[in-house]
Amino acid sequence: MNTISHTQFTRSTLQQTARNVNSNLGLLNTRLMELQTKMATGKAIIRPSDDPFGAVVALQLQSLLENKAQYQKNVLLARDQLAASDGALGDIGDIIADARSLGLGEIGVTATDETRQAAAIVVDSYLDEILSRGNATFQNRYLFSGTLATTAAFQAVGSDIVFRGNTDGLYTRANETGDIGYSITADGVFGVDSGRIAGFADLNPTLNADTDLRRLNLGRGVHAGGIIIDDGTNTSTIDLSHARTVGDVIDAINAGTPATTTCTLNAAGAGLVLTSSLGGADITIVDASNGTTARDLGIYTPSPGGGDTVTGGDLDPALDLQTPLALLGMGAGIDLASGIAVTNGDYSATLTFDTCTTVEDLLNAINGADVYVQASIADDGRRIELVSLLQGARLRVAETTGTTATDLGIRSFHTSTELSALNDLSGVHTIDGDDFRITCRSGDVIDVDVSDLHTVGDVIDAINNDADNAGKVLARLATTGNGIELVDQTVDMGVTFAVTALDDSRAPGDLGILMSAAPGGDTLTGDDTGGTRNHGVFAHLTDLRDALIRNDNHAITIALQRLEDDFADILNGRAEAGAKGQRMEVLSRRIDQEVLDAKDFLSRTQDLDFATTLVEYSTVQATLEACLQSAATIVRLSLLDFLD
Amino acid sequence: MGLLNVGLQMARSALAAQQLALEVTGNNIANANTDSYARRRVQMVSRPDIDLGSGLKLGSGVGVAGIQRVVDDFLDGRLRQANADCTSLDLQRQTLQRLEGLYGELGDADLSTMMNEFFNALDDLRNFPDEPAQRQLLVSLAQNLTEQFQMIRRGITDVRTSLDLQYRAAVQDVNSLTEQIAALNTEIIRTEGGGLYHGTAASLRDERDDLLRQLSDLVSINVVEQQAGGADVWVGSHLLVTDRQHFELRVETASDFDRDTGRWITSDQADGPSEVLLSYAVFDIDNTELQTEGGMLHGLLYSRDDILATQADTLDRLVSNLVWEFNKVHSEGCGLAFFEDVTSVDAVTDADATLSSAGLSWSPVNGSFNIRVHDTAAGLVKTVNIQVDLDGIGTDDTLNTLVTKINSAMTAAGLNVSAAVNTDNTLSITSGATDTRFSFNDDTSNVLAALGINTFFTGDNALNVGINERITGKIDLVAGALTPTPADGTNAGRLAQLRTLAIDALGGLSLEEYHQSCITDLAIETSLTKSRSDGAAAYMGTLQAERDAVSGVNLDEEAINLLRYQRAYQAAARYVTVIDEMVKTILAMI
């Protein structure tokens with residue numbers, strides 16, 4: 001309450017009395033009005049200045065509550081979407097279980113061709129159901145399409161199923177500090193990108209002036225800062241905090257050092273080189289202010305004695321879309337003109353890249369080839385990788401006439417291809433001892449054991465280095481297409497150049513070289529048993545259906561085994577959805593509790609204590625009445641009344 | 001008989017004196033409620049003795065030395081000072097309370113709620129980037145927010161304008177008052193005979209005191225009375241009135257006021273047109289500026305140029321940082337639709353000037369940005385990187401060179417997109433093919449945000465802030481994504497985080513924290529000013545009571561005086577009767 005002024009003087013005048021009464025009545029009335037407003041609004045703080053410190057708390061709490069309401073909304077959306085994902089996956093799991101039971105029934109002795117044909121029709125309907133559940137939506141968005149959520153994840157194109165989504169996760173905010181993912185992506189549960197041709201060649205680009213500093217050191221970049229260059233006579237501090245490209249760094253160093261110091265890219269184009277033409281120059285380069293810029297640029301040279309030249313280390317730029325193709329392969333470039341042959345199931349294309357200038361052009365050429373292949377830069381920034389969008393079709397990349405596919409590291413059958421990856425992951429089945437015999441035209445035979453070998457290169461080496469070979473047969477990768485090529489270098493004695501299996505080994509067949517040459521022919525070009533495909537429920541149900549139609553007991557068994565893995569993947573997906581959903585529940589409850597606490601606190605800060613206020617109101621009212629009464633008496637009192 | 005005559009004379013003087021005293025008392029009673037009235041007191045003195053011989057001396061009655069106003073000049077001075085302080089503080093309090101009302105914080109539709117709603121809508125957009133309804137909601141909430149900024153900011157400007165008008169009127173009032181005071185000085189000096197009858201021009205002095213009090217409402221004054229009765233009125237170290245002369249004030253106008261140096265910035269020194277014309281008073285005689293520490297003129301100037309200008313700056317700072325930070329992030333994203341053509345919202349002053357000093361509200365830096373060219377038929381994207389050279393080494397980029405770079409890069413990439421500088425020095429980028437559209441990303445140079453390309457907000461302060469017409473015209477251009485996929489809400493997430501992101505230009509505070517701290521500062525200042533204003537009012541009340549105690553009319557006292565003077569008059573009359581009887585007795589002896 002405001003202070004009511006009171007004065008005690010020897011003389012009290014009428015005006016003074018009136019002024020005092022007026023002032024006091026004004027203050028009391030104002031106070032009553034304030035209390036009345038508070039009671040009408042139920043708020044103790046009407047304006048921030050009523051209680052600045054309480055207002056700060058109230059403001060923050062109001063903000064907190066408004067934000068928490070949004071977090072709660074986000075969390076509930078995430079929870080519901082996860083529940084929807086879980087439901088869809090549950091349905092898919094049930095269908096897989098049904099398919100497996102059906103398939104198992106067709107393995108036994110009771111199964112006949114007719115029952116299998118009938119079962120194939122049922123499996124086909126399962127495929128349709130999974131396609132439908134794989135395209136399940138929540139709030140008009142496809143659950144398994146990643147950030148392409150407005151497009152159905154899976155689409156039947158001819159006999160193929162195409163993945164139209166992507167595998168990017170969806171995120172939302174559940175608190176002030178971080179994001180939470182709330183989508184179950186199609187890679188884990190549908191294996192949509194499991195058939196990936198992960199590039200095997202480090203494309204190792206060199207630098208140019210436009211190379212973004214963020215790409216250096218395989219994408220770790222360069223910390224902004226300054227460097228100190230000393231040529232033994234002059235010390236220059238170069239601020240590189242505004243440099244964005246290698247060219248900016250070179251310009252800044254050249255501008256900031258004496259004319260005798262020159263910075264350029266080194267001859268290989270892999271790093272920087274600084275030279276000084278100053279007589280007796282001895283260059284040192286250190287970081288300014290404890291930074292790491294010089295180290296990141298590979299030119300950190302703390303100790304003198306290196307003379308007038310500092311040759312920086314390899315800056316290893318990561319690939320980006322703008323990386324010129326001419327810089328690949330340490331600047332040697334790659335064979336772009338020959339092109340590659342891409343075969344993806346029923347789709348194929350021969351692509352040449354001689355008009356491409358950047359990595360992006362090359363990727364676009366592949367992605368735009370209508371073969372349902374998605375090419376991208378691998379996460380490590382060194383390679384290009386390809387993934388088939390078709391679920392189940394085999395993707396192969398082969399050479400046409402040159403070395404383009406090999407140079408780009410995307411040839412699907414090459415020396416480093418794991419044998420276990422051949423034949424749709426069935427690998428190469430070997431036996432103890434020699435697996436196959438190569439019969440030369442001369443009649444010489446070479447028995448080769450490919451047991452315990454790991455790669456196609458190992459097989460080629462094993463043939464070439466076999467003790468019986470001694471230059472008779474040259475094994476190599478086919479120069480065109482894929483497969484192992486065998487060249488008979490012996491004199492033609494009328495014997496047919498051929499590869500035959502030993503002791504029924506399946507290895508030569510698995511390697512694609514179980515074949516004979518035409519009479520007199522000296523070259524055997526093996527089949528391409530490599531390539532990759534997406535392994536997932538669509539592929540394996542299709543496998544099961546086809547195996548049932550073919551009446552292929554072995555294939556049915558394999559398909560069922562693989563469906564078991566798919567079931568496990570779906571279960572894992574459900575577990576992930578369940579765990580994340582559980583977390584959302586916990587977060588939601590926590591937010592509820594926080595909201596409750598905040599409301600309670602806000603109420604105690606901002607809301608009116610009615611009891612206290614009412615008491616004060618009554619007190620002020622009583623005071624006002626007393627004031628009115630006393631004022632009436634005081635003002636009326638006058639000596640004049642008592643004089644005759 | 002001689003003594004009897006003396007007695008009669010004595011009685012006559014007593015009757016006259018008491019009668020005069022009664023009349024003065026009557027006058028006091030009559031003015032009991034006159035504000036500026038100082039009660040009068042009759043100064044009675046005993047008249048000189050008459051020598052009766054033999055060492056006997058007899059008084060000759062009573063005389064009236066004068067009628068005095070009972071005043072305490074020192075107290076009046078303090079009262080005027082307190083009055084000036086009180087008026088100024090009360091004005092400041094009113095201004096701050098109006099500001100608080102403008103912000104209306106702690107309500108349900110205040111600025112902080114609107115900011116929260118806007119940022120929360122970004123979260124919703126992130127959750128549903130492909131939903132037109134979310135985009136529309138975001139744009140509507142952004143419009144609400146910008147309108148709220150403008151409403152508050154215009155409110156501040158309106159208050160400043162109205163205070164300026166009051167200031168101009170108040171200066172005229174000062175002139176009118178000083179003129180009247182000078183005129184009264186003349187009268188008083190004349191009436192009091194140049195000091196011979198000091199203090200006798202009581203009514204004129206009352207009137208002058210009243211004018212001085214009114215003047216102290218306007219400026220903080222110091223009054224020094226001269227021997228002759230004239231009052232010199234000082235404001236600081238400058239005379240407003242001396243004797244019969246008063247010094248006129250004249251109103252000058254400025255575009256701005258530099259609070260750091262305390263200097264006025266005239267329109268020819270200012271950067272652009274002034275938002276509010278700022279009036280200030282100078283003495284006509286020597287052009288020195290009126291400096292006052294209190295009174296309405298001080299309160300108005302302080303409110304206009306300190307409280308409100310600071311608050312306008314604070315709000316502008318909040319908005320400009322919001323706009324800049326938001327646009328930087330927004331310009332790097334893309335929406336559901338891509339551009340067929342785009343023209344920068346902002347223009348450079350000279351297309352050949354280095355971009356970092358080309359008159360843009362914000363400066364781009366050395367870096368680069370990407371133009372992604374979408375082949376909508378094939379669904380492929382070609383990215384073109386444009387380096388923005390602003391490293392201060394060699395030749396830095398201008399708008400013209402930037403255009404050349406874009407065009408060369410597009411030609412080299414075989415893309416049908418071109419850039420041009422328009423006649424108004426804006427930048428246009430246009431697609432030349434039906435299936436070719438473009439978007440932007442990865443702008444480390446901030447040149448897109450600085451030029452207003454692919455931006456969300458326009459303007460750079462709370463008054464001119466708005467939404468980019470491209471966005472309002474096509475909500476699909478709200479850049480919620482970083483990749484051109486419909487459900488990518490990554491950029492919306494980045495934008496939503498700006499609410500709590502520490503911003504260097506705001507001293508490391510986030511937008512939310514900055515706004516809260518501004519409201520808190522305003523609340524504290526309002527509360528403190530209110531307390532100071534209440535304190536000053538209480539102090540003035542005390543002084544006023546003191547002044548009343550000295551100069552006010554107490555009716556009881558006057559009643560007693562009435563009684564006193566009446567009795568004295570009656571006694572004197574009785575004395576005349578006695579003398580008369582004595583004369584009768586003596587005459588009867590004859």
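Chain letters run A, B, ... following the sequence lines, proteins first and then strands; every chain starts at 1.
For B:N370, the part lying under 4.5 angstrom from a heavy atom of chain A is the side chain only. Heavy atoms of B:Y539 lying under 4.5 Å from chain A are absent altogether. Residue A:I45 touches chain B through both its backbone and its side chain, counting heavy-atom pairs closer than 4.5 Å. Both the backbone and the side chain of B:T113 come within contact range of chain A, with heavy atoms under 4.5 Å apart. Both the backbone and the side chain of B:Q97 have a heavy atom closer than 4.5 Å to some heavy atom of chain A. Interface remark: B:V365 contributes side-chain atoms only to the contact with chain A (heavy atom separation under 4.5 Å). Both the backbone and the side chain of B:L106 come within contact range of chain A, with heavy atoms under 4.5 Å apart. Heavy atoms closer than 4.5 Å to chain B are found in the side chain of A:Q606, but not in its backbone. Looking at B:V388, there are no atoms closer than 4.5 Å to chain A (heavy atoms on both sides), in backbone or side chain. Both the backbone and the side chain of B:D556 have a heavy atom closer than 4.5 Å to some heavy atom of chain A. The contact between A:A243 and chain B is made entirely by backbone atoms, counting heavy-atom distances below 4.5 Å. At a 4.5 Å heavy-atom cutoff, the contact between A:E66 and chain B is made by backbone and side-chain atoms alike. For B:L563, the part lying near chain A is the side chain, with the backbone staying farther off; criterion is any non-hydrogen pair under 4.5 Å. If you measure heavy-atom distances from B:E131 to chain A, the contacts under 4.5 Å come from the side chain alone. For B:D110, the part lying under 4.5 angstrom from a heavy atom of chain A is the side chain only. The part of B:Q387 that comes within reach of chain A is its side chain, from C-beta onward, which places non-hydrogen atoms under 4.5 angstrom from that chain.
Distance check, rounded to the nearest 0.5 Å: CD1 of B:I393 to CD1 of A:I250 gives 11.5 Å. The line from CG of B:N120 to CG of A:N74 is 8.0 Å long, rounded to the nearest 0.5 Å. In this structure, A:L321 CG and B:N385 CG are separated by 10.5 Å, a value rounded to the nearest 0.5 Å. Separation of atoms NZ (A:K68) and CG (B:N116) is listed at 12.5 Å; rounding is to 0.5 Å.
Contact tally against chain A (heavy-atom pairs below 4.5 Å) for B:T520, B:L96, B:T444: the top residue is B:T444. In terms of heavy-atom pairs under 4.5 Å with chain A, the best-connected choice from B:D123, B:T500, B:I524 is B:D123.
With no hydrogens or angles considered, a side-chain donor-acceptor pair links A:S63 and B:E512 at under 3.5 Å. For the residue pair A:Q16 / B:N554, no side-chain donor-acceptor distance below 3.5 Å is found, with atom types taken as modelled. A side-chain N or O of B:R499 and one of A:N67 form a donor-acceptor pair less than 3.5 Å apart.
Under the side-chain hydrogen bond (donor to acceptor under 3.5 Å, both in side chains) test applied with A:T147, the options B:T483, B:T485, B:D488 reduce to a single match, B:T485.
Nearest heavy-atom pair, B:N366 versus A:R244, reported as atom, atom and distance to 0.1 Å: O-NE, 3.0 Å. Residues B:P129 and A:R141 share a closest heavy-atom pair of CD-NH1, 3.6 Å. Considering every non-hydrogen atom in both B:A523 and A:P52, the closest pair reads O-CG, 3.7 Å.
You'll find the side chain of B:K382 reaches within 4.5 Å of the side chain of A:E360, heavy atoms only. Using a 4.5 Å heavy-atom cutoff, the side chains of A:V56 and B:Q516 are not in contact. B:L522 places none of its side-chain heavy atoms less than 4.5 Å from the side chain of A:P48.
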(request) Applying salt bridge (charged side-chain N to carboxylate O under 4.0 Å, His left out), run through A:D179 and B:R494 and close with a yes or a no. (result) CA-CA 11 Å; A:D179 292 338; B:R494 291 171 72 208; over 6 Å; no
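Heavy-atom proximity under 4.5 angstrom to chain B picks out A:N166, A:L170, A:Y171, A:T172 from residues 165-172 of chain A.
In summary, B:K530 and A:D50 do not engage in a salt bridge, as defined by a charged side-chain N under 4.0 Å from a carboxylate O.
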